[in-house]
Visitor: 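Sending over a structure as structure tokens; questions will come in a sec.
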Amino acid sequence: MPTFPFKTLFCAAVFSFAGSLYAADEAPITIKFAHVVAEHTPKGQGAVLFKKLAEERLPGRVKVEVYPNSSLFGDGKEMEALLLGDVQMLAPSLAKFEHYAKAVQVFDLPFLFDDMAAVDRFQAGPQGKALLTSMEGKGITGLAYWHNGLKVLSANKPLREPRDARGLKFRVQASAVLDEQFKALRAAPRKMSFAEVYQGLQTGVVNGTENTWSNYFSQKIHEVQPYFTESNHGLIDYMVITNTTFWQGLPEDVRTELNKVMGEVTLEVNRQAKALNDEARGAIAKAGTSEIIELTPAQREEWRKAMQPVWKKFEGEIGSEVIEAAVNANKAS
Ligand code: LMR
């Protein structure tokens, strides 16, 4: 009787059919996207939108897990985690790249950009674009720039003139440029991760800091800082990055679609960033905890002059052509 071989053949056919079904129904590619800020911020909203659009456009093929508020990796650990493949996407502040690309330090130079339109022009120009790919040899691919906005000073005393900052301890991001910026004011910079800022200010480990309105409000910094000075003296923006090996190993159609999604999300983040910061400024003013000091043009000029020596110190590392391109971006063409 041929029953047995027939059955065997039948079973083999069923299994191989099931196997090919399984192949077509592979587990989705998981992208862990970690960041250090709250969800109601330009970056927080960008990560959420990226997840939504990526999963809508690539159903069943890509799953994005967003980890806000340093809940997966915080400053200091996240880059290493990206290189190890423990997380696939990050959007660190541009102040956090000095160990990977010295030229990215250009974004930290005080009083470099007149406004966010100038930042847009620089980032879209050849020098700005080149920075996105400048770390590929180190395993990091830049996918996009996302805006937050211009920095405001905060302190436990009113800061109107540069000399008001003398002797105060300021929290800074892990950036040599920002360290020098506060030294130029004869203040004492302290590098500290973002997750530690509230407590650092509350306990007096530091007396002041610099950040955007959306970062201040979402971290409740106004509860522990009675004064804000609307200096707009520098920039907090992000580079969305991925692990180069991971990105290049994606199926081509998936990578192409994710690049498209990233482009759309970037436009949206950069369109919304100012509104989110304006809303946060309004909320801090309404909270009534803190005085918001606006500088006169003459006072702002004093701050610019006091911080200016930082530029010379970093010209060699950053490259004068990169600085020049950034300065030229202030002139609308
Ligand atoms: C900071 O560390 O102060 C910020 O740059 C955090 C962020 O990602 O906005």
Side-chain angles (χ1 to χ4, degrees), residues 33-48 50 66-79 81-82 87 89-100 104-110 113 116 119 142-155 169-179 181-182 189-202 205-222 224-225 228 231-241 266 269-270 272-274 276-277 279-281:
F33 188 154
H35 65 81
V36 301
V37 296
E39 223 159 61
H40 197 66
T41 56
K43 177 162 62 177
Q45 296 288 292
V48 168
F50 179 77
V66 179
Y67 297 91
N69 279 317
S70 311
S71 55
L72 186 63
F73 296 105
D75 290 328
K77 286 273 184 324
E78 59 178 19
M79 291 284 206
L82 185 86
V87 62
M89 268 194 199
L90 302 171
S93 141
L94 294 168
K96 295 173 186 170
F97 286 91
E98 66 183 27
H99 298 302
Y100 303 91
V104 178
Q105 295 179 113
V106 69
F107 290 103
D108 278 348
L109 293 179
F113 296 109
M116 295 309 288
V119 177
L143 299 173
Y145 290 109
W146 284 1
H147 290 339
N148 187 332
L150 297 176
K151 285 184 289 192
V152 170
L153 291 163
S154 77
K169 289 172 279 177
F170 283 89
R171 177 269 172 170
V172 290
Q173 302 177 72
S175 150
V177 176
L178 300 180
D179 211 65
Q181 172 192 280
F182 282 102
R190 299 274 183 270
K191 290 181 185 162
M192 192 180 272
S193 72
F194 186 64
E196 291 169 343
V197 179
Y198 182 94
Q199 208 185 4
L201 290 165
Q202 189 183 36
V205 171
V206 283
N207 315 116
T209 187
E210 53 171 10
N211 228 308
T212 58
W213 290 115
S214 58
N215 274 348
Y216 281 132
F217 184 66
S218 57
Q219 298 299 316
K220 302 188 169 65
I221 300 298
H222 55 290
V224 290
Q225 291 282 262
F228 290 95
S231 47
N232 293 334
H233 64 282
L235 176 72
I236 292 210
D237 252 29
Y238 308 107
M239 193 189 291
V240 185
I241 54 171
T266 300
V269 169
N270 294 355
Q272 294 295 329
K274 185 174 182 322
L276 278 168
N277 279 305
E279 182 196 318
R281 185 194 190 279

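In listed order, ligands and their atoms are each counted from 1.
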Visitor: Just to verify, what does E210 make a salt bridge (Lys or Arg N to Asp or Glu O under 4.0 Å) with, not counting sequence neighbours?
Guide: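 Partners of E210 by the salt bridge (Lys or Arg N to Asp or Glu O under 4.0 Å) criterion, ordered by chain and then number, come out as K151.
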Visitor: What pairs with F182 under ring-ring contact (aromatic ring centres under 6.0 Å, His included), at least two apart in sequence or on another chain?
Guide: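 Listed in chain order: F170.
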Visitor: What residues form a salt bridge (Lys or Arg N to Asp or Glu O under 4.0 Å) with R190, not counting sequence neighbours?
Guide: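 Partners of R190 by the salt bridge (Lys or Arg N to Asp or Glu O under 4.0 Å) criterion come out as none, since no residue qualifies.
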Visitor: Hey, what do you get for CZ (R281) to NZ (K274), rounding to the nearest 0.5 Å?
Guide: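 Rounded to the nearest 0.5 Å, the CZ-NZ separation comes out at 10.0 Å.
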Visitor: Write out each pair where an N or O from ligand 1 and one from the protein are under 3.5 Å apart, with the distance.
Guide:
from, atom 1, to, atom 2, distance (Å)
ligand 1, 2 (O), K96, NZ, 2.8
ligand 1, 2 (O), R171, NH2, 3.0
ligand 1, 3 (O), R171, NH1, 2.6
ligand 1, 3 (O), N211, ND2, 2.9
ligand 1, 5 (O), Q173, OE1, 2.9
ligand 1, 8 (O), K43, NZ, 2.6
ligand 1, 9 (O), N215, ND2, 2.9
ligand 1, 9 (O), Y238, OH, 2.5

Visitor: So if I apply the side-chain contact (heavy atoms from CB on, under 4.5 Å) rule between D108 and each of L178, D179, I236, which one comes out positive?
Guide: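 Considering L178, D179, I236, a side-chain contact (heavy atoms from CB on, under 4.5 Å) with D108 is found only for L178.
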Visitor: Side-chain contact, heavy-atom cut-off 4.5 Å: K43 with V240?
Guide: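 Heavy-atom side-chain distance check fails, nothing below 4.5 Å.
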